[in-house]
Amino acid sequence: QVQLVESGGGLVQPGGSLRLSCAASGSIFSINAMGWYRQAPGKQRELVATIISTSTTTYADSVKGRFTISRDNAKNIVYLQMNSLKPEDTARYYCNMNGKYWYGVGLRDFNSWGQGTQVTVSS
């Protein structure tokens with residue numbers, strides 16, 4: 001299967017910046033979409049941003065103009081640059097990827113999630 005590991009979370013003051021990273025490992029053949037989601041206590045997990053190619057991106061309205069998603073296809077890494085952070089951005093952030101991986105001599109689909117990284121915005 002394909003494993004995802006996030007990093008880069010932490011505590012930051014309002015107005016500050018953080019960059020999250022998520023690296024995929026395993027017998028990867030190809031990765032289609034990469035995305036970031038977040039879940040605050042007592043709330044449902046919500047989409048933050050997705051990237052399908054290096055230029056096809058989508059963002060939640062709440063983060064447009066502040067967050068930027070990007071990917072390194074050679075390294076199977078997705079990034080989330082978060083600027084002008086607000087207290088309401090506090091949540092656990094999860095990355096998600098889907099694509100195909102090698103299973104024996106054939107290919108199978110995968111849809112994997114990372115374990116999450118905590119982002120806390122507070123003064």
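- Formation of a donor-acceptor pair under 3.5 Å by the Y37 side chain with backbone atoms of W113 is not found in this model.
- Follow the hydrophobic side-chain contacts under 4.5 Å out from V2 and you reach M34 in the same cluster.
- Within the 3.5 Å criterion, the main-chain N or O of C95 finds a donor-acceptor partner in the side chain of E6.
- Atom CG in L4 sits 5.0 Å away from atom OG in S112 (nearest 0.5 Å).
- Taking both residues in full, the closest heavy atoms of S17 and S84 are given as OG-N, 4.4 Å, listed atom of the first, atom of the second, then distance.
- Proximity of the aromatic rings of F67 and W36 is defined here by a centroid distance below 6.0 angstrom, and this criterion is not met.
- In this structure N32 satisfies the side chain to side chain donor-acceptor pair (under 3.5 Å) test with no other residue, sequence neighbours excluded.
- Applying the side chain to side chain contact (heavy atoms under 4.5 Å, CB included) test to S122 and every residue at least two apart in sequence or in another chain returns L11, T120.
- Looking at heavy atoms from C-beta onward, T90 lies in side-chain contact with Q118 at the 4.5 angstrom threshold.
- With T117 contributing its side chain and G9 its backbone, the two residues share a donor-acceptor pair below 3.5 Å.
- What you find for S123 and P14 is that their closest heavy atoms are N-CD, 3.7 Å.
- Within the 4.5 Å cutoff, no side-chain heavy atoms of V48 are placed close to those of Y59.
- Annotation: side chain of M97 is in contact with side chain of C22 (closest heavy-atom distance under 4.5 Å).
- Both I69 and L18 are members of a single hydrophobic cluster when ILVMFWY side chains are connected at heavy-atom separations under 4.5 Å.
- Y79 belongs to a hydrophobic cluster whose other members, connected by ILVMFWY side-chain contacts under 4.5 Å either directly or through intermediates, are I77.
- N76 contributes atom CG, which lies 4.0 Å from atom CD1 of I31 (distance to the nearest 0.5 angstrom).
- Scanning for side chain to side chain donor-acceptor pair (under 3.5 Å) contacts around K75 gives an empty result, with sequence neighbours left out.
- Here K86 does not pair with D89 in a salt bridge; the nearest charged N to carboxylate O distance is not below 4.0 Å.
- The line from CD1 of I52 to CZ of R71 is 8.5 Å long, rounded to the nearest 0.5 Å.
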For residues 103-111, run the donor-acceptor check on the side chains, cut-off 3.5 Å, and write out each pair with its distance to 0.1 Å, sequence neighbours left out.
residue	atom	partner	partner atom	Å
D109	OD1	K100	NZ	2.6
N111	OD1	N96	ND2	3.0

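- Side-chain atoms of R66 do not come within 3.5 Å of backbone N or O of Q81 as any donor-acceptor pair.
- Residues V119 and V78 are members of one and the same hydrophobic cluster, defined by side-chain heavy-atom contacts under 4.5 angstrom among Ile, Leu, Val, Met, Phe, Trp and Tyr.
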- Message: As a quick check of understanding, evaluate side chain to side chain contact (heavy atoms under 4.5 Å, CB included) for F29 and W102, giving each step before the final call.
- Response: CA-CA 6 Å; F29 174 76; W102 289 105; 3.6 Å; yes
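- Within the structure, the side chain to side chain donor-acceptor pair (under 3.5 Å) test picks out the following pairs touching residues 42-52 (sequence neighbours left out): R38-E46, T50-T58.
- Note that CZ of R92 and CD of Q115 are 6.5 Å apart. Values are rounded to the nearest 0.5 Å.
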